[in-house]
Novice: 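Pasting in a structure now, in structure tokens, and then I'll have a few things to ask.
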Amino acid sequence: MTAQAVQTDEHAVVIGLEVHVQLETATKIFCGCSTAADDDEEPNSRTCPVCLGLPGALPVLNEGAVEAAVKIGKALSADIPERTTFHRKNYYYPDLPKNFQLTQYDAPICQEGELEISVEGDRREIGITRAHLEEDPGSLQHKGGSIDTAEATLINYNRAGTPLVEIVTEPDFRSPAETRAFLAKLEEVLEYLGVFDATRDGSLRVDANISLVDADEVDEEGAIDDAVLEDANRTEVKNISSHKAAEKALAYEVSRQKNAVKRGRALETETRHWDESRGITVSMRSKESEADYRYFREADLPPLEVADWKDKIDIPELPDARRERFVADYGLDSEAASKLTSTKEVADFFEAVAEQFDPDVAATWVADNLLGELNYRDMLITDIEGRLDEFSRLIELVENDELTVKNAEEVVLRSMLDDGDAPETIIDREGLGKADDDAIADFVVEAIEENPDAVDDYHSGEDGALNFLVGQVMQKSGGSADPGSVNQLLRDELDA
């Protein structure tokens with residue numbers, strides 16, 4: 001697919017992203033402070049001289065963060081150089097205790113990668129300029145309002161020093177919808193790698209750069225000359241916390257810029273804040289240039305060399321490859337394969353079930369029944385970790401004709417999730433053992449004898465009459481009869 005420009009009168013939208021990903025490590029990137037945040041923790045309690053930037057404190061690089069960055073680079077098909085270095089990014093802001101951020105500048109750990117996305121069935125590659133390691137600043141809490149109306153701002157340095165990988169894309173997006181698709185895909189890949197936890201507060205944050213360029217500067221392939229992009233006035237939007245919020249924020253900003261151009265106003269190069277509660281962007285400051293940060297090498301950290309061990313770091317099968325394998329190996333359609341690879345944990349669960357049952361049976365139970373019930377309860381597959389055997393026994397009972405599909409789906413599975421009971425416990429408690437054939441035959445005869453009007457309607461050709469009689473038999477059996485078998489037994493008896 002070629003990148004299609006979104007027309008705003010005579011202008012096209014150009015978007016690039018800077019995605020800050022919190023890495024799943026036990027400790028911070030340059031010190032031994034924990035990254036685990038307790039709900040009731042005191043502000044500024046998870047800190048030390050290193051992450052507070054106290055005089056004389058020296059950083060020590062977290063090997064786990066480097067390994068996670070290498071995995072991300074491999075997943076993005078990026079070049080991972082033999083040597084990489086750290087720099088100081090100098091700027092004054094209250095959440096930065098050292099007045100500089102330890103980051104990477106001209107020698108990032110990952111360079112020139114790509115990630116394929118799909119938007120409305122069309123697929124194309126998004127270029128990744130770089131991905132580099134850095135430390136997170138602290139967090140600001142605006143009291144009594146938003147950033148532009150707060151009475152006071154409090155600073156909490158518990159986040160300071162949390163390991164991040166910043167993933168910088170090429171300006172390849174031509175619509176807010178494309179950015180949402182990219183971020184959703186990126187989250188999926190990161191979770192498969194095991195380096196990211198979307199449930200952590202602030203685990204993914206996005207800065208977006210948006211420009212409008214003359215539509216005739218976009219060629220037939222959707223490309224725009226670098227000189228044109230360099231001359232465009234670029235607005236940066238900060239404080240975006242999810243792929244859904246990214247689409248909303250960018251849709252607003254595109255509309256704002258479009259309206260400004262219509263009114264003859266010049267678009268300023270500035271940094272704006274996404275106020276999610278109000279659904280608007282708010283001007284913060286003029287946008288800094290690279291020179292404003294006065295980058296220089298971090299003397300307390302030697303160059304990082306990964307050439308001798310980066311090839312030893314393996315990454316798991318990624319989502320796209322696993323989807324393709326599920327279609328090829330299990331004969332699933334693309335929709336079922338997508339559901340069953342939505343997370344690595346779901347895919348692992350399905351494959352464990354498919355080892356015991358026919359793949360179609362396993363897919364129906366996991367993709368349709370289990371995931372549907374979990375979604376209804378706002379639960380994840382990880383919430384039933386350790387219950388694979390119970391779930392398998394439930395399927396086995398149905399497959400062995402000891403439990404009806406209806407009772408398995410509507411009673412036993414739901415009770416398993418709600419109450420945490422084993423399937424056998426629920427079956428005994430509810431009396432759901434499947435009725436024997438003789439008992440069902442008796443129920444069929446009783447239903448026919450007790451409902452002569454329905455029998456007459458059946459013989460008159462009214463289809464609903466048979467459904468009514470099936471319901472009567474199911475009621476008599478306490479739901480333990482198989483509806484398909486009851487339907488056939490009634491037809492045989494009525495047509496005799």
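Note that the structure is a prediction, hence the values are computed from the model and not measured.
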Novice: Starting from the C-alpha separation in whole Å, work towards a yes-or-no answer on side-chain contact (heavy atoms from CB on, under 4.5 Å) for His273 and Lys238.
Specialist: CA-CA 5 Å; His273 172 89; Lys238 288 183 171 289; 5.6 Å; no
Novice: Under the side chain to side chain contact (heavy atoms under 4.5 Å, CB included) test against Glu18, which residue among Asn209, Ile167, Thr169 passes?
Specialist: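 That would be Asn209.
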Novice: For residues 66-74, which side-chain N or O atoms pair as donor and acceptor with protein atoms under 3.5 Å away, sequence neighbours left out?
Specialist:
unit_1, atom_1, unit_2, atom_2, d
Lys74, NZ, Lys310, O, 2.8
Lys74, NZ, Ile313, O, 2.5

Novice: State which residues pass ring pair (Phe, Tyr, Trp, His ring centres under 6.0 Å) with Phe100; sequence neighbours excluded, sorted by chain then number.
Specialist: none
Novice: Under 3.5 Å, is there a donor-acceptor pair between the side chain of Thr153 and the main chain of Leu140?
Specialist: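 Side chain of Thr153 to backbone of Leu140: no pair is present.
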Novice: Evaluate Leu58 against Leu301 for side-chain contact (heavy atoms from CB on, under 4.5 Å), listing each step before the verdict.
Specialist: CA-CA 9 Å; Leu58 297 176; Leu301 287 170; over 6 Å; no
Novice: Give me each pair satisfying ring-ring contact (aromatic ring centres under 6.0 Å, His included) with a member in residues 15-56, each pair once, sequence neighbours excluded.
Specialist: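 Only Phe30-Phe86 qualify under ring-ring contact (aromatic ring centres under 6.0 Å, His included).
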Novice: Could you check whether Asp95 pairs with Arg159 (Lys NZ or Arg NE/NH1/NH2 to Asp/Glu carboxylate O, under 4.0 Å)?
Specialist: no
Novice: Checking side-chain hydrogen bond (donor to acceptor under 3.5 Å, both in side chains) against Thr103, which of Glu134, Glu135, Glu166 comes through?
Specialist: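 That would be Glu134.
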Novice: Is there a side-chain contact (heavy atoms from CB on, under 4.5 Å) between Leu23 and Leu164? Walk through the geometry before answering.
Specialist: CA-CA 6 Å; Leu23 300 177; Leu164 302 179; over 6 Å; no
Novice: Using side-chain hydrogen bond (donor to acceptor under 3.5 Å, both in side chains) as the criterion, list what pairs up with Glu170, not counting sequence neighbours.
Specialist: Thr129
Novice: Is a donor on one side and an acceptor on the other found under 3.5 Å between the side chain of Lys344 and the backbone of Leu193?
Specialist: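 Not at all, since once roles are kept as given, no pair shorter than 3.5 Å links the two residues.
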Novice: Looking at residues at least two apart in the chain, or sitting in another chain, which of them share a ring pair (Phe, Tyr, Trp, His ring centres under 6.0 Å) with Phe296?
Specialist: none
Novice: Rounded to the nearest 0.5 Å, how far does SG of Cys33 lie from CZ of Arg46?
Specialist: 8.5 Å
Novice: Cut-off 3.5 Å, side chains only: do Gln22 and Ser203 have a donor facing an acceptor?
Specialist: no
Novice: Which residues satisfy the side chain to side chain contact (heavy atoms under 4.5 Å, CB included) test with Asp38, sequence neighbours excluded?
Specialist: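 Applying side chain to side chain contact (heavy atoms under 4.5 Å, CB included) to Asp38 gives Asp40, Glu41.
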Novice: Considering residues at least two apart in sequence or located in another chain, which fulfil the ring pair (Phe, Tyr, Trp, His ring centres under 6.0 Å) criterion with His87?
Specialist: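 Partners of His87 by the ring pair (Phe, Tyr, Trp, His ring centres under 6.0 Å) criterion, ordered by chain and then number, come out as Tyr105.
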Novice: Who passes side-chain hydrogen bond (donor to acceptor under 3.5 Å, both in side chains) against Thr341, sequence neighbours left out?
Specialist: Arg323
Novice: Using the ring-ring contact (aromatic ring centres under 6.0 Å, His included) rule, collect all pairs that involve residues 358-392, keeping only residues at least two apart or in two chains.
Specialist: Phe349-Phe391
Novice: Run the side-chain contact (heavy atoms from CB on, under 4.5 Å) check on Ile210 and Val14 step by step: do they pass?
Specialist: CA-CA 6 Å; Ile210 309 101; Val14 181; over 6 Å; no
Novice: Quick one: do Glu373 and Arg414 make a salt bridge, cutoff under 4.0 Å?
Specialist: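 Yes, Glu373 and Arg414 are salt-bridged.
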Novice: May I ask you to decide whether Glu253 forms a salt bridge with Arg256, counting only side-chain N to carboxylate O separations under 4.0 Å?
Specialist: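 Salt bridge: yes.
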Novice: Are Arg124 and Glu178 close enough for a salt bridge, meaning some N to O gap below 4.0 Å?
Specialist: yes
Novice: So does Lys248 pair up with Glu276, basic N to acidic O under 4.0 Å?
Specialist: no
Novice: Could I get the full list of side chain to side chain contact (heavy atoms under 4.5 Å, CB included) partners for Asp383, not counting sequence neighbours?
Specialist: Met379, Leu380
Novice: Can you sort out the partners of Phe326 under ring pair (Phe, Tyr, Trp, His ring centres under 6.0 Å), two or more places apart, ordered by chain and number?
Specialist: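 Expected list: Tyr330, Phe350.
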Novice: Mind checking side chain to side chain contact (heavy atoms under 4.5 Å, CB included) for Asp360 and listing every partner two or more places apart, or none if nothing turns up?
Specialist: Leu332, Asp358
Novice: For Arg322, is there an ion pair with Asp348 - N to carboxylate O distance below 4.0 angstrom?
Specialist: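 Looking at Asp348 and Arg322, the cut-off is met.
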Novice: Only one of Leu154, Asn156, Ile155 clears side chain to side chain contact (heavy atoms under 4.5 Å, CB included) with Pro43; which?
Specialist: Asn156
Novice: Which heavy atom in Pro176 sits nearest to a heavy atom in Ala251, and how many Å separate them?
Specialist: CG-N, 3.7 Å
